[in-house]
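Take a look at the structure below.
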Amino acid sequence: MDHAAYPALRLRRTRVAPWSRRLVAETVLTPSDLIWPLFVTEGAQVEEPIATLPGVSRWSLDGIAARAREAQALGIPCVALFPNTPQHLRTADGREATNPYNLICRAIAAIKDAAPDVGVLTDVALDPYTEHGHDGLVDDRGYVMNDATMQVLTEQALVQARAGADIIAPSDMMDGRVGAIRRALEEAAHPNVQIMAYAAKYASAFYGPFRDAVGSGGRLKGDKRGYQMDHANSDEALREVALDLAEGADTVMVKPGLPYLDIVRRVKDRFAVPVFVYQVSGEYAMIEAAAAAGMGDRDALALETLTAFKRAGASGVLTYFAPLAARLLGG
Ligand code: PBG
């Protein structure tokens with residue numbers, strides 16, 4: 001409790017000098033807090049800029065290896081991989097997701113070769129592999145089938161683990177999938193592969209540029225509200241997190257980021273586990289658009305938002321600003 005009052009108490013005193021602000025800072029952002037999402041595409045020496053995600057490109061495997069070396073040099077501990085699957089390999093059943101030689105599995109190997117000290121996180125969901133753009137298998141009425149999808153996701157997680165993934169991140173929001181994947185990893189002798197559950201993942205209007213990046217956006221029939229969470233809900237997020245932890249998740253994620261800081265704080269306070277936030281494509285694109293229009297300072301906006309995630313209780317952030325932020329932070 002503060003017993004003193006003005007003028008004995010002047011809260012500005014500790015703010016006046018930079019050294020003092022540093023000394024009393026409650027939250028510190030470092031490159032160690034960052035996970036860098038990367039988009040993978042086929043070919044050699046390919047860089048495809050993504051129009052709706054300024055400054056972000058899809059890279060062929062050689063470029064992915066170079067980005068991993070860059071992450072290592074910048075002190076970024078982990079990268080997250082997302083494929084732009086060639087159109088002819090997208091099917092109703094998303095079977096390319098379970099091909100041990102698919103883009104993601106080859107990208108894992110390329111990274112482990114180029115930068116063995118960088119952690120590799122892989123997304124488990126079918127949307128980059130299905131012709132309809134949904135995260136799971138769809139029945140003839142358009143319903144995404146939970147249990148049938150879970151079987152494919154489990155297989156997908158196993159091929160990723162076999163290829164060397166360090167963190168399996170199910171982003172599909174099927175019920176029960178964390179437990180199914182955890183059991184499969186144990187049975188297949190991958191006891192130390194982590195699961196970062198996209199536990200509280202909301203059906204959001206902020207995912208648009210990502211869907212362009214993986215080529216699923218134009219295909220998507222309907223929306224994902226039948227499996228991703230309603231943005232009106234917060235208690236439900238706690239139930240999702242509780243279930244994923246009980247099923248064997250090591251860490252949990254809240255997604256999107258900035259509009260959901262209240263969820264991050266509630267999850268952290270309730271469960272005291274490592275919580276991650278995904279600053280998603282639409283959040284990044286809005287800052288980029290504002291900066292390009294002269295409406296704000298990109299570097300300052302990036303660092304302020306990233307620090308806000310940590311202040312809210314996050315252990316780390318998946319962000320397209322990762323290399324920029326690491327450079328600004330002297331990584
Ligand atoms: C796929 C997935 C999505 C994102 C991460 N994994 C999109 C979606 O659920 O439609 C979004 C990331 C971003 O917008 O940056 N299941």
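All values below come from the heavy atoms of this structure, side chains included, with hydrogens, waters and symmetry mates left out. In each ligand, atom 1 is the first atom listed, and ligand 1 is the first ligand listed.
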If you take the centroid of each ring, where Trp contributes its six-membered ring, are Phe82 and Phe210 closer together than 6.0 Å?
yes
Ligand 1 versus Ser281: contacting region, heavy-atom distance under 4.0 Å
both
Contact between ligand 1 and Gln279 is defined here as a heavy atom of the residue under 4.0 Å from a ligand atom; is it met?
no
For atom 12 (C) of ligand 1, what's the nearest protein heavy atom and its distance?
Phe210 CD1, 3.3 Å
Run the contact test for Glu283 against ligand 1 with a 4.0 Å cut-off on heavy atoms, strictly below, and give the result.
no
Identity and distance of the protein heavy atom lying nearest atom 9 (O) of ligand 1:
Lys201 NZ, 2.7 Å
Using atom types as modelled, flag every donor-acceptor pair under 3.5 Å from a side chain in residues 54-66 to any protein atom, sequence neighbours excluded.
residue: Ser57; atom: OG; partner: Glu47; partner atom: OE2; Å: 2.7
residue: Arg58; atom: NE; partner: Ala213; partner atom: O; Å: 2.7
residue: Arg58; atom: NH1; partner: Glu48; partner atom: OE1; Å: 2.8
residue: Arg58; atom: NH2; partner: Asp212; partner atom: O; Å: 3.1
residue: Ser60; atom: OG; partner: Gln45; partner atom: N; Å: 3.2
residue: Ser60; atom: OG; partner: Val46; partner atom: N; Å: 2.8
residue: Ser60; atom: OG; partner: Val46; partner atom: O; Å: 3.4
residue: Ser60; atom: OG; partner: Asp62; partner atom: OD1; Å: 3.0
residue: Asp62; atom: OD1; partner: Gln45; partner atom: N; Å: 3.1
residue: Asp62; atom: OD2; partner: Gln45; partner atom: N; Å: 3.1

If we number the atoms of ligand 1 from 1 as shown, the ones under 4.0 Å from a heavy atom of Lys224 are 8 (C), 9 (O), 10 (O)
May I ask you to check whether over 12 heavy atoms, not counting those of Glu304, lie within 6.0 Å of atom CD?
no
For ligand 1, does Asp172 get within less than 4.0 Å through its side chain, its backbone, both, or neither, judged by non-hydrogen atoms?
neither
Applying a heavy-atom cut-off of 4.0 Å, say which part of Val280 lies close to ligand 1: side chain, backbone, both or neither.
both
Please identify which atoms of ligand 1 are closer than 4.0 Å to at least one heavy atom of Asp127.
1 (C), 2 (C), 16 (N)
State, yes or no, whether a side-chain contact exists between Val144 and Met174 at a heavy-atom distance under 4.5 Å.
yes
At what distance is the nearest protein heavy atom to atom 11 (C) of ligand 1, and which residue and atom is it?
Lys255 NZ, 2.9 Å
Numbered atoms of ligand 1 (with element) below 4.0 Å of Ala125, judged on heavy atoms
16 (N)
Ranking Tyr320, Tyr202, Tyr227, Tyr207 by closest non-hydrogen atom to atom 15 (O) of ligand 1, top hit is Tyr320
Below 4.5 Å, heavy atoms only, C-beta onward: do Gln87 and Arg90 meet side chain to side chain?
yes
In Leu258, Thr319, Val275, Leu29, the residue satisfying side chain to side chain contact (heavy atoms under 4.5 Å, CB included) with Phe309 is Leu258
Tyr207 six-ring face occupied by Lys201 cation (under 6.0 Å, within 45°):
yes
Hey, is NE2 on His190 packed in by over 12 heavy atoms from elsewhere, all under 6.0 Å?
yes
For Asp135, the ligand 1 atoms with a heavy-atom partner under 4.0 Å come out as 16 (N)
As a test of understanding, state which of Ile167, Val252, Leu185 forms a side chain to side chain contact (heavy atoms under 4.5 Å, CB included) with Ile195.
Leu185
Within less than 4.0 angstrom of ligand 1, does Tyr284 place any heavy atom?
no
